[in-house]
Asks: 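Could you have a look at this structure, given as structure tokens, before my questions?
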Amino acid sequence: MKRILYHDQVSGWRRRSRRAEVPVAELPERPATGDGGHDTDLRLLLREALRALPPRQRAVLTLRYLEDLSVERTAAILGCRAGTVASQASRALAKLRELVPALDELTTRAEVK
């Protein structure tokens with residue numbers, strides 16, 4: 001079901017990208033951003049840190065936190081036990097905190113819920 005929704009969304013993006021631009025009289029205001037450069041740097045660091053993880057740990061983090069699957073569902077997909085998923089997730093998060101210290105600061109700020 002998720003795959004169907006994903007592909008439907010991607011198809012919508014493709015259709016929108018082919019539409020002609022519509023000129024407007026006034027440009028819309030952009031929202032004020034804090035430190036956009038810092039966020040970009042952090043994202044790039046995080047991406048590189050994810051690539052540095054072993055494939056199984058990367059898969060566990062992707063399924064658990066990006067796809068929002070349960071430990072049991074992740075274990076079923078990866079063909080392992082739930083305890084293995086939990087330990088791999090713990091190790092992967094510890095490694096990410098080690099590789100990207102700013103990530104730990106970001107996740108402890110009050111704005112992150």
Asks: Can you sort out the partners of Leu78 under side chain to side chain contact (heavy atoms under 4.5 Å, CB included), two or more places apart, ordered by chain and number?
Replies: Ala59, Val60, Leu63, Thr74, Cys80

Asks: Pick one: which of Leu96, Thr62, Val100, Leu99 meets side chain to side chain contact (heavy atoms under 4.5 Å, CB included) with Leu50?
Replies: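 By the side chain to side chain contact (heavy atoms under 4.5 Å, CB included) criterion, Leu50 pairs with just one of Leu96, Thr62, Val100, Leu99: Leu96.
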
Asks: Taking salt bridge (charged side-chain N to carboxylate O under 4.0 Å, His left out) as the cut-off, I'd like each qualifying pair that reaches into residues 76-95, sequence neighbours left out, listed once.
Replies: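 Counting only pairs at least two positions apart or across chains, the salt bridge (charged side-chain N to carboxylate O under 4.0 Å, His left out) contacts touching residues 76-95 are Lys95-Glu98.
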
Asks: Give every residue pair that meets the salt bridge (charged side-chain N to carboxylate O under 4.0 Å, His left out) criterion with at least one member in residues 44-70, sequence neighbours excluded.
Replies: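 Of all non-adjacent pairs touching residues 44-70, those that pass salt bridge (charged side-chain N to carboxylate O under 4.0 Å, His left out) are Glu48-Arg51.
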
Asks: Show the nearest heavy-atom pair for residues Ala82 and Ala75, with the distance to one decimal.
Replies: N-CB, 3.8 Å

Asks: Answer yes if Val71 and Tyr65 sit in the same cluster of Ile, Leu, Val, Met, Phe, Trp and Tyr residues linked by side chain heavy atoms under 4.5 Å apart, and no otherwise.
Replies: no

Asks: Identify the heavy atoms of Ala89 and Leu61 that sit nearest to each other, and give their distance.
Replies: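 It is O-CD2, 4.2 Å.
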
